[in-house]
Enquirer: 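Pasting a structure below so you can have a look.
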Amino acid sequence: MSTTPNTAAPAVVVEGVIDLDLPGHTISRHVYGHFAEHLGRCIYGGFYVGEDSPIPNEGGIRLDVVEALRALDIPNLRWPGGCFADDYHWKHGIGPRDQRPRMVNSHWGDVVEDNSFGTHEFMALCELLGTEPYISANVGSGTVEETSDWVQYLTRGDDSPMADLRRANGRDEPWKVTYWGLGNEPWGCGGNMSAEAYAALARQFATYSRDMGDNKLYRIAAGATNADYRWTEVLMKALGRALGDGEVLGHGNSSFQAISFHCYTVAGPWERKGSATDFDTDEYYAVMAQAQRIEGVLAGHAKVMDAYDPDKRVGLVLDEWGTWFDVEPGTNPGFLFQQNALRDALVASVHFDGFHRHADRLVMANIAQTVNVLQAMILTDEDSGALVLTPSYHVFEMNKGHQDAAHLPVHLRGAAPTRTVAGVVGIGGHVPDRSDVELTTVSVSASTKDGAALVSLTNLDAEAPVTVRLDLRGVAVGELTARLLTADAPQAHNTPQQDDAVAPRAFDGARVEDGVLVVELPAHSFATVSLPLV
Ligand code: AHR
């Protein structure tokens, strides 16, 4: 594998325009969503340490993790999986903890799960985080009755069997639950089904996942892997009658309101995904080439959906995304624990630029996963319990102003700088599909909310700085504030010994000159610029 810069100028300048007075679609805050599975040390040791732990906790939930995540304004948290969701029987996770049945977590390390973190603990976590729950029901090995009962247990307020059971377990009032997943990866760990078989099941489970009183469910059918657009098409066809009749999608009928898909950044081959921190420049670019493909995959699913639903009433949900590298040496291969470098942060910022542009269809996205698994926001040390914020965490924090903001298209003038990345494996780490990828090394997106504009800029070039000049049209701007996330090398990462090796700093490389925003981005860096509109 090799990479070749196609623009060999010492001082690369990228020019463009932002029309500050022409906002477009809303960027749902839910594209900044999260994911927590019973996998490795995500729940146990990550979110949850138990009430007897010396680590400060509330009901067993780590308070330092809660505090760190509250700063991200996380909009939703998906649980309990992932592949685990289709093995999970929720009734084993309620009632006195010492009486809960145990189970084998056959997907992740074959460890014994004691069900001490269950429905009440998850809902308490969501309340502490101030976030909305997104629950994945068990379609693969569970029953329709089990799913129906779970909805009632969570959301029914009257004197009925499931509501009474909830009260007996200490919770009087029903919870509000909107986001309801109908299984997970049914083409694989969720049941090895065909798209047609799953589409029929999804309608069946949707039928019995009923709205209780004022609680309206937003049912999300489990979708494709990567660029499997056929899967999306089969699900859209399964919605046909609901769409054709013009009925309001979803409430109380057999339809679902959204279709998900999963797309990880894997620079493969799958058997050798590479190290999260020990990589060379070619591997750096291979990962970036994979990351930038997300935009084409989003557009592909959106195009299929547009053909059936031009009014965009059905949402697209990317409920698992992020980098997937080899596990850290010496750790359980089934626990998917990887470090997180500046490179991961740039993968995240590129994804968010794509999410912002496609937010007219993309209603939710969930990083996999929040703590200690894959592209995590937080890593906790197994021995000392120390908590580290990853470079990826900082991108979520720096970008949070885009949540529920109006997208501002950024029009680049002329071609952005590119680099040919040769021999990149197919999406998801598929080796036979090697190809050369034209990586655009500058990525920019913008939005406006509450009388300000937020511009996010990424320079993916590993070695060369770039100057971005954007004409700001339509509205005058006040004094800007800017922040920069970078380090000496893309391999830089945070550890308990040095927890701020990669952290945002105030940035003096951005200014407004005669109505032009000028940003001088160092190599391998991410910046945000906040502009008050006056
Ligand atoms: O996030 C890890 C796993 O990746 C999930 O459990 C599964 O849905 C996907 O294959």
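Remember, it's 1-based here, ligands and their atoms both numbered in the order they're listed.
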Enquirer: Are any side-chain N or O atoms of Arg100 and backbone N or O atoms of Gly95, one a donor and one an acceptor, separated by less than 3.5 Å?
Expert: yes
Enquirer: Once disulfide bond (SG atoms under 2.5 Å apart) is applied, do any residues pair with Cys189, and if so which ones, sequence neighbours excluded?
Expert: Cys83
Enquirer: Among Phe47, Phe84, Phe335, find the one that has a ring-ring contact (aromatic ring centres under 6.0 Å, His included) with His38.
Expert: Phe84
Enquirer: Any idea which residues sit under 4.0 Å from ligand 1, heavy-atom distances?
Expert: Phe35, Glu37, Leu39, Gly82, Cys83, Trp108, Asn184, Glu185, His262, Tyr264, Glu320, Trp324, Gln369, Leu374
Enquirer: To the nearest 0.5 angstrom, please state how far the CG atom of Asn372 sits from the CG atom of Leu39.
Expert: 10.5 Å
Enquirer: Less than 3.5 Å apart, which donor and acceptor atoms pair up between the side chains of residues 266-277 and the rest of the protein, not counting sequence neighbours?
Expert:
residue	atom	partner	partner atom	Å
Lys273	NZ	Trp270	O	3.0
Ser275	OG	Thr277	N	3.1
Ser275	OG	Asp278	N	2.8

Enquirer: Using the side-chain contact (heavy atoms from CB on, under 4.5 Å) criterion, which residues pair with Ala302? Sequence neighbours excluded.
Expert: Arg361
